[in-house]
Amino acid sequence: MKAWAVLLLSVIVYAKHDQYEGWKSYYLGPKSQEQLQSIGPLVQQFELDVFSYVNLEREGVVLVKPEHQDGFTRALEEKGIAYRIHSADVKTALEYDDIAVEIKRRENLARKGKELPYDNYQEIEEIAAYLTDIAERYPDRTTLVSGADSFEGRPVYYLKISTTNFEDTRKPVIFIDGGIHAREWISPPTVTWAIHKLLENVTEPDLLERFDWILLPVVNPDGYKYTFTNERMWRKTRSTDQTNTSITCPGVDGNRNYDFFWNTVGTSSNPCSITYAGSRPFSEVETRVVRSILHEHLDRIALYLTMHSFGSLILYPWGNDGSLSHNALNLHLVGVAIADEILAHTLPIFPRYVVGNAALAIGYAASGAAEDYAHSIGVPLSYTIELPSLGQGFILDPRYIEQVCRETWQGIVVGARMAGDLFVL
Ligand SMILES: *[C@@H]1O[C@H](CO)[C@@H](O)[C@H](O)[C@H]1NC(C)=O
Ligand SMILES: *[C@@H]1O[C@H](CO)[C@@H](O)[C@H](O)[C@H]1NC(C)=O
Ligand SMILES: [Zn+2]
């Protein structure tokens, strides 16, 4: 990359991240379960933006506004929780990330065809075009559905893949979604990669014979778009119809909006908060799309996965209070099998996955999550997957996107087969 081009690109991205002026990000490294559990209250008290979840086996990353930095570090020192600076200048770090993505995007412009990139992040228009193209190329096995229009009017697309047009009701269904949290850019490609592996590059034909699949790469297309155009760290939807203040503070945290102990813990009633639960359960049209899919196929869904980042975690219910469900043993066994398979295909530089209860593994309970809701209505195996990061910067370097997709797919393969073995109609 020539210096002049970097200069030019930095002018283009200049001012986009102004709202992060003075923000810092910190690594947190709690050493005991007690220290881990004490982080949850700090998240609320200091309005922390949890970027990468903490675990006893490795550090997490939180973003802290300027006005809370002193109080936050003092609280950590009082509790003896180890911390160090991740980025002393969040705004500039985000600008560098933009440049890396933009350089790759320009290189890729020359590329022909409808292929989705796996060496760069996938924009919402590219994903929509890919899904449309796939449905045209595989009409006998796929149905493209727009579950609804998003708040801003974008279709919330999902693809149904089946050898029997979903008519063989003895087949278990596997449902995978991604992109509910807008900024978690590594999530949608892991879902589009699953589509690629079920249709374009079939190396596990049993998965198509045995199961029907529902793949929803971007639950929150408005927020996702907004992270590419306006605010890289945006997490929520973009709705403005929740309260009188929603105009100045749009959006709801989709993964706090499900009707499971809604807005009781790890959430906020303040529309300006990044964990705002919404004005009521399922206030968001985007979460209602997922709800409809879950209910429509409830008697057949053997496995539900919802893709997030970061943390290298496989999390299962109940995330609101750390208690275990009736199916906890199977949830744990299948989760460990998925993690083991990913480990067998990962790179040594990636952190090892940790498998556990969603509240206990990260010391942070939260209500209204999709994975809890799906399990509460009867999906036997339901997981939040926090995909890996490498700890530097705010994006996973685009060169690792395909690796994460490949290893995650290997985990999905094992998880699906086990879910099929355990499934009883
Ligand atoms: C799938 O992709 C791999 C390369 O990643 C290739 O070697 C293989 O031939 C492909 N298989 C099919 C069935 O397309
Ligand atoms: C919104 O504003 C209107 C009038 O400005 C007021 O009557 C109403 O109570 C407000 N609603 C909420 C939820 O604050
Ligand atoms: Zn997330």
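First listed ligand is number 1; within each ligand, the first listed atom is number 1. Each residue takes its place number in the sequence, starting with 1.
Checking H308 against E184 by side-chain atom types alone, a donor-acceptor pair falls below 3.5 Å. Looking at S239 and E284, their side chains do bring a donor and an acceptor atom within 3.5 Å of each other. N270 and S273 share no donor-acceptor pair across their side chains, judged by distance under 3.5 Å alone.
A donor-acceptor pair under 3.5 Å is formed between the side chain of R256 and the backbone N or O of G266. A distance-only check finds no donor-acceptor pair linking the side chain of Q410 to the backbone of T346 [under 3.5 Å]. Checking side-chain atoms of T287 against main-chain N and O of N257 turns up no donor-acceptor pair under 3.5 Å. A donor-acceptor pair is defined here as one N or O able to donate and one able to accept, closer than 3.5 Å; no such pair exists between the side chain of K171 and the backbone of S162.
In this structure, atom 7 (O) of ligand 1 is not in close contact with the protein, since no protein heavy atom lies within 4.0 Å of it.
Atom 13 (C) of ligand 1 has its closest protein heavy atom at V202 O, 3.7 Å. Among protein heavy atoms, atom 5 (O) of ligand 1 sits closest to R406 NH2, 3.6 Å.
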Criterion side-chain hydrogen bond (donor to acceptor under 3.5 Å, both in side chains) on Q122 and Y130, from CA distance to verdict: CA-CA 10 Å; Q122 301 175 350; Y130 173 73; over 6 Å; no
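By the 3.5 Å distance cut-off applied to N or O atoms, N201 is counted among the residues near ligand 1.
The set of protein atoms (N, O or S) found at less than 2.8 Å from the Zn ion (ligand 3) reads H181 ND1, E184 OE1, E184 OE2, H308 ND1, by chain and number.
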